[in-house]
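Here is the structure we will look at, set down as structure tokens.
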Amino acid sequence: MCHARQVLDRVGDKWSISVIYELGGKTLRFTELRRAIDGISQRMLTSTLRALERDGVVARTVHPVVPPRVDYHLTGLGLTLSETVCSLMRWAYDHADEIDEARAAYDRRADQRAI
């Protein structure tokens with residue numbers, strides 16, 4: 001379980017999920033990824049990509065041009081994970097309104113208890 005937890009911690013954080021989701025079956029440049037992922041800093045994107053590359057989920061290709069061009073894409077392993085991530089993202093989008101309603105109802109009940 002310890003090893004599985006480490007893997008889930010890596011691929012389950014919000015930035016890793018966003019990177020995997022955005023890459024899907026595409027190849028994107030760093031700047032394209034950064035624009036696609038709202039709120040991620042350059043430093044966090046770099047860190048996330050390195051960790052996912054280390055885990056064998058993302059591959060990095062450097063093209064010998066000036067200025068340097070670096071592309072990222074999911075590996076075969078990453079593509080198998082992408083299916084799960086896309087399902088999770090679809091669920092989150094499909095149920096966002098219900099979750100917002102549940103949170104508001106909970107907060108109203110919590111406010112009433114505080115009185």
### Task
Using the rule that two of Ile, Leu, Val, Met, Phe, Trp, Tyr join whenever any of their side-chain heavy atoms come within less than 4.5 Å, decide whether L23 and V62 are in one cluster.
yes

### Task
Give me the other members of the hydrophobic cluster that I99 sits in, counting Ile, Leu, Val, Met, Phe, Trp and Tyr linked by side-chain heavy atoms under 4.5 Å, directly or via other members.
W91

Pairs under 3.5 angstrom only: tabulate donor-acceptor contacts from the side chains of residues 33-57 to other protein residues two or more places apart or in another chain.
from : atom 1 : to  : atom 2 : distance (Å)
S41  : OG     : M44 : N      : 3.0
T46  : OG1    : Q42 : O      : 2.9
T48  : OG1    : M44 : O      : 2.8

### Summary
For E22 and K26 the tightest heavy-atom approach is O-CE, 2.9 Å

Only pairs under 3.5 Å count here: list side-chain donor-acceptor contacts from residues 77-89, not counting sequence neighbours, and write none if there are none.
from : atom 1 : to  : atom 2 : distance (Å)
T80  : OG1    : L77 : O      : 2.6
S87  : OG     : E83 : O      : 3.1
S87  : OG     : R90 : NH2    : 3.4

### Task
Please examine the side chains of R10 and L8, heavy atoms only from C-beta on, and report whether any two atoms are closer than 4.5 Å.
no

### Query
Quick one: do D71 and R69 make a salt bridge, cutoff under 4.0 Å?
yes

### Residue pair F30 / V70, side-chain heavy-atom distance below 4.5 Å
no

